[in-house]
There are 2 protein chains.
Amino acid sequence: MIMPPEWLRGYRKATFASDLLAGSVVTIMLIPQSLAYALLAGLPAEMGLYASILPLIVYALLGSSRTLSVGPVAVVSLMTAMAVGKVAEAGSADYAAAAIALAALSGIMLLVMGFLRFGFLANFLSHPVVSGFITASAFIIALGQVKHLLGVPAQGHNLPTQLSSLLMHVPDTNPITLVTGLLAIAFLVWARRGLQPLLRRAGLSQDVASILAKAGPVLLIVGTVAGSYLFHFADRGVALVGAVPRGMPSLALPPLDPGLWSQLALSALLIAIIGFVESVSVGKTLAAKRRQRIDPNQELVALGGANVASAFSGGFPVTGGFSRSVVNFDAGAQTPAASILAAAGIALAALFLTPLLYYLPNATLAATIIVAVSSLVDLDLVRRAWRYSISDFTAICTTIVATLMLGIELGVLTGILVSVLLHLYKTTRPHIAVVGAVAGTEHYRNVERHSVITHPNLVSLRIDESLYFANASYLEDYIYQWVAANDSIEHVILQCTAVNEIDMSALEALEAIDHRLREQGITLNLSEVKGPVMDALKSVDFIQRLSGRVFLSHHQAVKALKTDEIEPYII
Amino acid sequence: MIMPPEWLRGYRKATFASDLLAGSVVTIMLIPQSLAYALLAGLPAEMGLYASILPLIVYALLGSSRTLSVGPVAVVSLMTAMAVGKVAEAGSADYAAAAIALAALSGIMLLVMGFLRFGFLANFLSHPVVSGFITASAFIIALGQVKHLLGVPAQGHNLPTQLSSLLMHVPDTNPITLVTGLLAIAFLVWARRGLQPLLRRAGLSQDVASILAKAGPVLLIVGTVAGSYLFHFADRGVALVGAVPRGMPSLALPPLDPGLWSQLALSALLIAIIGFVESVSVGKTLAAKRRQRIDPNQELVALGGANVASAFSGGFPVTGGFSRSVVNFDAGAQTPAASILAAAGIALAALFLTPLLYYLPNATLAATIIVAVSSLVDLDLVRRAWRYSISDFTAICTTIVATLMLGIELGVLTGILVSVLLHLYKTTRPHIAVVGAVAGTEHYRNVERHSVITHPNLVSLRIDESLYFANASYLEDYIYQWVAANDSIEHVILQCTAVNEIDMSALEALEAIDHRLREQGITLNLSEVKGPVMDALKSVDFIQRLSGRVFLSHHQAVKALKTDEIEPYII
């Protein structure tokens, strides 16, 4: 990580051209987004800009993705608001300080996870849980912005509290604010589709048009700033962004208050993991399109560095954002240089544009947020899960409901817990199939699904699961019941094709089964035992003490043990 | 459960004779044990007797085990001391009340779990965790009794605190107490082996001798009571049991204080689960010897009833004990009537023997406990686990260390957590084997373990694990790397013999893999897909959109896709 990244060596002029273009497009997009997400996190607007300068540069140098664009994102900003709101008064200096500490803390956690190569941890966030969580968060975020559209104070970080608080304040709605906000939303929605054709008709080339079209949010800001200035919104009770300090962020040590850090620890961990998972999924998607690969552990380090950088430059938690990365990619970014150029763009904005933001209505930013998060909602997945598997469906719905009702932190924790428990529960009742030979072949199939040959003096059981503590006793009961119900049985053959592990509890269960069957004059045999499992069983003399034998193939086992046959019956 | 249990109908005189004998033997054994475990739980001696009357009867009527003997047991008594110690002052009336409430609470939890048929929950306590936990608890229990041997006050519920507290008090040791205690231990250890032969030589028959030999602890009590009376232990600063109220327990409602109950909830749950698991494992062992079966869910109900009964009759949490059940079994108990007779025996003791206990030194009971729990230590299992599997070994050691260092509640929770995480971690890196055909057969085996035939234009990958969110991305990376390293590949065949489930995250991974391979002109094929998995894949048109095909057998897949062969190479 000390040596210059491989993209930097042999960096070419042509590459620079396209990187510069992508960089400028992203800048145009980042300015409003950064301001908006600062608002969402309950922080002063300039912190949004600060979080979009140094972090981009650090990620560009450390990251394994070529086109990922890092910065404040909706979900993480909301999580920041949640976490910081618990320890400090909104709007206070402590509040901003806590946000900075949060960035430092989650950054350090990411770095540690990276050095420990804990990238795999992200695997425990199943896709249903993540998308359910993000969908629910989008609702909460959008609903949280409604108060800025109405121009009323309102609290709440979950559906019920938000709604009740909003309804209470509806009477105090400021009409001008509301109109501004609604017009802003209307414009943004239109700009997504309508702006580009318009520019084409204005005679611009396809490329230029498609790039300028991305400036919609900026045009909106310019327009509303002008409007709010001309029509004296300030005197009409419209909430404005107000004075935004001009200039670059000053580098400073984040607050090192142990009490504060311990209070923020859990939230920081959640932000680190959620941010990491969101960022990696974006990075993977883009990398796949250009046959590039990203290294999760390297990503942990890069995101960790970006967050620490954010903390040292007065920013708040950042991660790889979906929309901006896609824009960066589509605008033709070839290397992380594009992000460095974007960072420079934001820096210029921080230096020269902030005065213009004085008249910017909060409603404009709220509109920007609402339109941005609307694309995060993915209800189609719920429908898909319903068709595909009941347990995935349960996981999604639990996550969505828990997030909406309990807030995002408890929401995602519930989601993870439920998905893991569902998986474990499934393995406690392993699928065990009675199998027989497909006539004329050496293949054995489930007697309930195929017409196969079986034998009265033996039973072939295919165990479709690894055997471990959670399902060992189930196997025991299953075999005892089967044997009790069939007195002609002389041999039990367990086809272990699907048994990838036999842990100690399961080993003891097998020993108990073997002992019990032996008393009843029945032998226990194994077939198609995997190499690693066989090694383990031999290490404790289980094979040597087994009443029956171990066969390489199930067919050999049946040939060796069968007496007469039962012809296949057609189901 | 309302109708009389099946053993009661057609109950015979011969059966009664053996039940009566077993009942009396168990009574002789239960009296000292009940007193000792009450002491261990920090409760007045009589509560030990109370906990050994009604619960036995209730279990006899509800239980599915014929010979399980229910009552106070070492580990659960220690857990009771732990739990109650948190909410009340040792020795106070509140303390006893809390213990009663604890019995009621865990009893109700067991009943609820039973009615919900949650017996499977016990499966998540792997055998390594349980035995590691019990071994460590035995140490803590024995060490906790040393203070009674020394006759000093000492606290601590985990190794470090116990040791430091003991060492601090060593100077205050009461010599007479110490001598009594050590003699008691010596006698009990000798009695286990030496008493029976002695009685035989005294001319008693084998049966009578073996039964009377079990009276060792009672003889010890009689002996030490006499000694303490004759040599005025009371005046010599030896701690005695003291006045034990005479008579039967009075039935009373357990304290119904919501605050108290919520404080005890977690401990009650742990006691319920640990007690259940201990009891069921004993019950299973004994039932197996006589070809009887026990029903876990029925056991939940029976143990729940027993604990509620204990609470209503002034007792504390109870469960099926190992040593006493074995004694009951060996003494020839045929039906639960034996336990009912034992209960009657204890009742008589409560009515007439309690005055004699006044002079009983606590050291005697401490000796009884130490000798009793010494049989719970199972270090051989640690050795066995070391040989068998590193993860089981880790689970045992973590549980033992955590229990010794953090105390038993955190200890067992840590054990459960670690064993589950270890299992999940294993599944995140599934074993994937490159397989080839065993010459002249249709069997495919790992190329690293067997000399097999492979083909340059295709790769056969056998996935030895169900595919779900935790390992989906691993498979993706594995295949991409494999393909990147072998340019001659035209077909990838996944042998799904061991894939018992493909959840939605894994499905998306497969779709991504298929898409990516297609771009590289490679087809993705599946073979030997299980019925249920196939159904799920079809439900979302995955099979229809797959670049390759799905084959019934892996051999067919290879036959269809291979070009020329590579002869097996011998390793």
Side-chain angles (χ1 to χ4, degrees), chain A residues 120 122-129 284 288 291 293 296 384-385 387-389 391-392 419-420 423-431 441-443 446 449 464-466 468-474 480 497-501 503-505 507-508 512 515-516 519 530-532 536 539-540 552-553, chain B residues 120 122-129 288 291 293 296 384-385 387-389 391-392 419-420 423-431 441-443 446 449 464-466 468-474 477 480 497-501 503-505 507-508 512 515-516 519 530-532 536 539-540 552-553:
Chain A
F120 75 89
N123 297 339
F124 287 110
L125 269 174
S126 74
H127 186 265
V129 169
K284 269 190 176 175
R291 300 286 185 78
R293 305 213 28 78
R384 194 142 180 264
R387 283 222 321 286
Y388 184 68
S389 110
S391 68
D392 283 303
S419 56
V420 167
H423 169 72
L424 286 176
Y425 179 71
K426 273 181 274 176
T427 63
T428 58
R429 302 193 165 324
H431 180 244
T441 76
E442 296 189 357
H443 297 300
N446 189 340
R449 287 178 172 264
D464 290 353
E465 195 72 62
S466 284
Y468 76 114
F469 59 84
N471 58 24
S473 61
Y474 177 85
Y480 293 158
T497 347
V499 177
N500 309 309
E501 191 213 351
D503 82 349
M504 211 154 153
S505 313
L507 172 70
E508 262 143 18
H515 177 78
R516 178 91 172 265
E519 281 180 338
K530 295 222 171 71
S539 75
V540 287
L552 178 65
S553 89
Chain B
F120 74 90
N123 297 339
F124 288 110
L125 270 174
S126 73
H127 186 265
V129 169
R291 301 286 187 79
R293 307 217 18 81
R384 194 143 179 264
R387 282 224 321 287
Y388 185 67
S389 109
S391 68
D392 282 303
S419 56
V420 168
H423 169 72
L424 287 176
Y425 178 72
K426 274 181 273 176
T427 63
T428 59
R429 301 190 167 330
H431 180 244
T441 77
E442 297 190 357
H443 298 300
N446 189 338
R449 287 176 172 267
D464 290 352
E465 195 71 62
S466 284
Y468 75 114
F469 58 85
N471 58 22
S473 61
Y474 178 85
D477 298 345
Y480 293 159
T497 346
V499 177
N500 309 309
E501 191 214 350
D503 84 346
M504 211 156 152
S505 312
L507 172 70
E508 264 143 15
H515 178 78
R516 179 94 171 262
E519 282 179 339
K530 295 224 171 69
S539 75
V540 287
L552 177 65
S553 88

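All of these numbers come straight from a predicted model, not from anything done at the bench. Quick note on labels: first sequence line is chain A, next is B, and so on, each numbered from 1.
The contact between A:Thr497 and chain B is made by backbone and side chain atoms together, counting heavy-atom distances below 4.5 Å. Proximity to chain B (any heavy atom under 4.5 Å) is restricted, for A:Tyr480, to the side chain, taken from C-beta onward. When heavy atoms are compared at a cutoff of 4.5 Å, A:Arg429 approaches chain B solely by way of its side chain, counted from C-beta outward. Interface remark: A:Val420 contributes backbone and side-chain atoms alike to the contact with chain B (heavy atom separation under 4.5 Å). Heavy atoms of A:Tyr468 lying under 4.5 Å from chain B belong exclusively to its side chain. The parts of B:Ser539 that come within reach of chain A are both its backbone and its side chain, each placing non-hydrogen atoms under 4.5 angstrom from that chain. When heavy atoms are compared at a cutoff of 4.5 Å, B:Ser419 approaches chain A by way of both its backbone and its side chain. For B:Asp503, the parts sitting under 4.5 Å from any heavy atom of chain A are the backbone and the side chain alike. Of the two parts of A:Pro296, neither the backbone nor the side chain holds a non-hydrogen atom closer than 4.5 Å to a non-hydrogen atom of chain B. Heavy atoms of B:Glu508 lying under 4.5 Å from chain A belong exclusively to its side chain.
Side-chain N or O atoms of A:Asn500 include one that pairs as donor or acceptor with a backbone N or O of B:Asp464 at under 3.5 Å.
Between B:Lys530 and A:Ala498, the shortest heavy-atom contact is NZ-CB, 3.8 Å. Across A:Asp392 and B:Met504, no two heavy atoms sit closer than the pair OD2-N, 2.9 Å.
When A:Thr428, A:Leu507, A:Val129 are compared by the number of non-hydrogen pairs under 4.5 Å with chain B, A:Leu507 comes out ahead. Contact tally against chain B (heavy-atom pairs below 4.5 Å) for A:His423, A:His443, A:Glu465, A:Glu442: the top residue is A:His423. With respect to chain B, the highest number of heavy-atom pairs below 4.5 Å among A:Pro430, A:Ser473, A:Ala472 belongs to A:Ser473. Comparing B:Asp477, B:Asn471, B:Val499 by heavy-atom pairs within less than 4.5 Å of chain A, the highest count is held by B:Asp477.
By the 4.5 Å heavy-atom criterion applied to side chains, A:Glu501 and B:His431 are not counted as neighbours.
Here the straight-line distance linking atom OG1 of A:Thr427 with atom CG of B:Leu424 works out to 8.5 Å at 0.5 Å rounding. The OG1 atom of B:Thr441 lies 8.0 Å from the CG atom of A:Leu552; values are rounded to the nearest 0.5 Å.
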